[in-house]
Amino acid sequence: MALTGADLLAKVKELGDVSKSELVREAGYVSTKKDGSERLNFTAFYEALLEAKGVSLGSNGSTSVGKGGRKLSYVATVQGNGNLLIGKAYSALLDLKPGDEFEIKLGRKQIKLIPLGAPEEE
């Protein structure tokens with residue numbers, strides 16, 4: 001079983017000046033390949049080590065969606081063909097599914113998308 005938290009930090013301190021491979025192996029971040037050979041899971045080890053030291057890698061419900069850790073700008077641009085594209089990150093944020101339908105309400109400086117069947121808003 002792979003060590004985490006204070007146990008992982010204690011093991012790293014205990015082992016001191018050993019090779020990185022030995023450190024990963026001793027901490028339990030080892031799996032077995034199909035051919036029976038050993039695989040050292042360095043990425044999982046380093047992520048657990050950072051987490052144990054209080055460094056979060058961002059999977060704590062931040063507003064960014066998708067790869068690269070980019071933040072949503074909440075700005076849409078009309079494309080050359082006149083289409084207004086709303087990206088996948090926004091539809092994921094709103095938990096939209098293929099086939100969801102909306103009524104389009106145009107205001108002076110805004111466009112509202114209201115799900116069909118939703119109560120009327122003032």
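Model, not experiment: these values are computed from the prediction.
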**Item:** Test item: Lys112 and Gln110 side chains (from C-beta on) under 4.5 Å apart, heavy atoms
**Value:** yes

When rounded to the nearest 0.5 Å, the distance separating OG1 of Thr4 from CG of Leu9 is 9.5 Å

Q: May I ask you to test the Asn83-Val78 pair for a side-chain heavy-atom distance under 4.5 Å?
A: no

CG of Leu96 to CD1 of Ile86, rounded to nearest 0.5 Å, is 8.5 Å

d(Leu116 CG, Glu101 CD) to nearest 0.5 Å is 5.5 Å

Rounded to the nearest 0.5 angstrom, the CG-NZ distance for Asp95 and Lys97 is 3.5 Å

Output for pair (Glu26 CD, Leu3 CG), nearest 0.5 Å, gives 9.5 Å

Using modelled atom types and a 3.5 Å cut-off, is there a donor and acceptor pairing between side-chain atoms of Tyr90 and backbone atoms of Leu72?
no

To the nearest 0.5 Å, atom CD1 of Ile111 lies from atom CG of Leu84 at 5.5 Å

Quick note, ring-ring contact (aromatic ring centres under 6.0 Å, His included) partners involving residues 8-39, not counting sequence neighbours, are Tyr29-Phe45

Check: Quick one: are Glu38 and Leu40 in side-chain contact, heavy atoms under 4.5 Å?
Finding: yes

Residues Val30 and Arg25: closest non-hydrogen pair is CG2-CA, 3.6 Å

| With side chains defined as the heavy atoms from C-beta onward, is the minimum distance between Pro115 and Asp100 less than 4.5 Å? | no

Any link between Leu113 and Leu85 through a network of hydrophobic side chains (Ile, Leu, Val, Met, Phe, Trp, Tyr) touching at under 4.5 Å?
no

Smallest heavy-atom separation, Gly5 atom then Ala52 atom, equals O-CB, 3.5 Å

**Item:** Tyr46 vs Glu51 side-chain heavy atoms within contact, under 4.5 Å
**Value:** no

Please determine whether the number of non-hydrogen atoms from other residues, nucleotides or ligands lying under 6.0 Å from atom CG of Asn81 exceeds 12. yes

